[in-house]
Amino acid sequence: MPTQELDVSDLEPCEPLQRIRCAALALKSGESLRVIHRREPMLLYPVLEKAGLRWRTLERREGRFEMLVWRADAPPAELESEI
Amino acid sequence: MNTAELSLDRAPPLHIPLRFFLTAPLFVVAAGVLLLLEGETILLSRWQPATLALTHLITLGGISMVMFGAMSQMLPVIAGSPMPGIRRLGPAIHLLLVAGALALALGFPQASEMLLLGGAMALSAAVLLFLVIALIAIWRVASPTPSTRGMGLAVIALGITSLLGMALAATRAGHPLLDHPLLVTQLHHGWGLGGWMGLLIIAVAWQVVPMFHVTPEYPPRLRALLAPALTSILVVWSLLSLWRMEMAALGALLFYLGLLAITGVITWRLFQQRRRKNKDPTLYFWRLAIIALLTLTALKLLAGLGLIAASNAFEMLTGILILFGVILSVVCGMLLKIVPFLCWFHLHNRQLALFDFSRSLPSMKELLPDRWAFRLFGLHIASLGALIAAALLPKLAPLPALSLILQGGLLAVLLGVATLRAHREWLALRQGPDGGLDVHQGPEP
């Protein structure tokens with residue numbers, strides 16, 4: 001299971017990006033973050049890339065995206081099963 | 001703007017859209033001043049020279065100004081297709097639009113050939129430059145969407161409006177190019193209000209309503225079909241008008257308004273389905289626009305059925321409902337979202353370039369507080385109410401004049417303060433090589 005979960009699907013711009021960014025940058029090695037969003041957070045990707053984080057995003061259905069974020073040095077065990 | 005499709009590195013420099021957005025409120029102030037100076041004569045008939053001046057201050061200086069700025073930002077950001085040469089041409093287009101709108105506004109009351117022709121030429125140049133680079137950008141869009149298609153149709157409608165306007169200005173300046181100026185005026189109104197402004201608002205609404213207000217998306221079929229359908233109706237309406245088939249043309253017009261009214265009701269229902277039912281000032285502007293649209297449609301229908309007699313007061317009333325009730329409401333509401341969002345967007349890009357997120361950026365609501373946005377809405381309601389009252393009783397003209405001056409002034413201050421706050425925040429971020437708010441360079445990739 002991801003160590004943290006964050007549902008930003010009800011938030012207005014620009015709160016989702018700020019909250020995800022804050023939680024993602026605080027991740028430690030071995031930790032992961034699962035994010036639920038109504039849109040694919042494209043603006044976030046350059047931030048994650050620069051921070052050495054990895055992510056995977058899936059559109060579960062229209063209007064529901066799930067993203068898993070983790071530190072590059074420690075992929076989460078649930079990577080395959082969760083996302 | 002759909003954040004799922006935002007293209008970070010293609011946004012134009014912030015000074016390009018901001019110069020349009022920050023100028024527009026000043027034209028609302030100018031319209032108020034004109035109304036104050038000219039008084040009740042403006043409200044007696046739509047054909048009064050001062051009325052034409054007021055109309056063009058609002059449609060060109062207020063509304064089109066914002067629309068030019070919005071497209072310069074949205075095409076690259078939502079469609080990944082920048083307008084070619086916008087960095088160099090944007091300031092020129094802005095200057096030509098400002099000069100043209102002012103020249104027309106001065107030229108109508110003075111019946112000045114030089115001002116009317118000069119204004120029309122400046123505006124035509126602005127429109128031509130804008131149209132060419134906008135259409136190139138739209139042509140280059142890799143994956144066209146209903147929004148980009150709608151923008152393309154809106155820009156073509158702008159070109160048609162501009163051509164008709166040029167011919168009308170020449171005719172008014174004493175060089176009659178037209179045998180039937182009244183008919184051409186009607187087409188100029190139809191393509192300007194229904195084509196350029198109506199289609200663009202729809203194209204932008206597909207993006208900004210779900211994004212900024214956290215509503216469900218518009219129905220896909222509506223998004224795909226509405227703008228082409230409205231454009232087709234405009235073409236049919238134009239042909240019927242040219243063929244003098246007045247009843248059929250009226251039917252086309254009512255069909256157009258009916259489709260828009262249904263879209264308005266759908267938009268209202270989307271707002272009701274918001275996930276967070278917070279009090280959002282922009283929503284009040286949208287709802288007012290929808291109420292004005294439904295009222296306008298009902299009035300036109302009643303007039304079409306012969307239940308309301310045509311009169312100058314009725315024409316003024318419907319004109320006020322379209323310009324101030326529907327279009328200016330949406331434009332004001334969108335500005336309250338778009339300007340703080342753009343400021344925040346560029347600050348975010350700056351943080352990303354520096355990779356320094358130690359400072360928490362101000363939220364959009366901190367850049368432009370809701371309490372002031374609600375005061376603006378109050379002034380907008382006051383302006384609209386006073387204009388409607390003055391259309392029925394022209395002696396009341398000073399009331400909407402003062403209200404418009406206050407409204408435009410407050411909007412200018414709110415947008416200016418949001419920009420200055422963002423600039424201060426920019427300075428507080430670690431200084432880059434150029435320093436200052438990103439008014440000279442685009443965001444770094």
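Residue numbering restarts at 1 for every chain, and letters A, B, ... go by the order of the sequence lines. The analysis underlying the following values was restricted to heavy atoms, covering all of them including side chains, and did not include hydrogens, waters or symmetry mates.
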Just how far is it from atom [atom1] of [X] to atom [atom2] of [Y], taken to the nearest 0.5 Å?
X: N278(B); Y: D10(A); atom1: CG; atom2: CG; value: 10.5 Å
X: L44(A); Y: H348(B); atom1: CG; atom2: NE2; value: 7.5 Å
X: L352(B); Y: K50(A); atom1: CG; atom2: NZ; value: 5.0 Å

With sequence neighbours excluded, tell me which residues meet ring pair (Phe, Tyr, Trp, His ring centres under 6.0 Å) with F357(B).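 Counting only residues at least two positions away or on another chain, F357(B) forms a ring pair (Phe, Tyr, Trp, His ring centres under 6.0 Å) with F355(B).
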Quick one, [X] and [Y] - any side-chain contact, counting heavy atoms below 4.5 Å?
X: W344(B); Y: L17(A); answer: yes
X: R38(A); Y: E217(B); answer: no
X: E12(A); Y: H213(B); answer: no

Any chance NZ of K277(B) has more than 12 other-residue heavy atoms, nucleotides or ligands included, within less than 6.0 Å?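 Count over threshold, so yes.
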More than 12 heavy atoms from other groups under 6.0 Å of CZ on R269(B):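 Atom CZ in R269(B) is not crowded, with 12 or fewer foreign heavy atoms closer than 6.0 Å.
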Considering only NZ, NE, NH1 and NH2 on the basic side and carboxylate oxygens on the acidic side, decide whether E15(A) and R276(B) come within less than 4.0 Å.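 R276(B) and E15(A): salt-bridged.
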By a 4.5 Å heavy-atom criterion (distance strictly below it), what part of L11(A) contacts chain B: side chain, backbone, both, or neither?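 Contact with chain B involves both backbone and side-chain atoms of L11(A).
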Please state whether the side chain, the backbone, both or neither of P210(B) comes within less than 4.5 Å of a heavy atom of chain A.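 Contact with chain A: backbone and side chain both.
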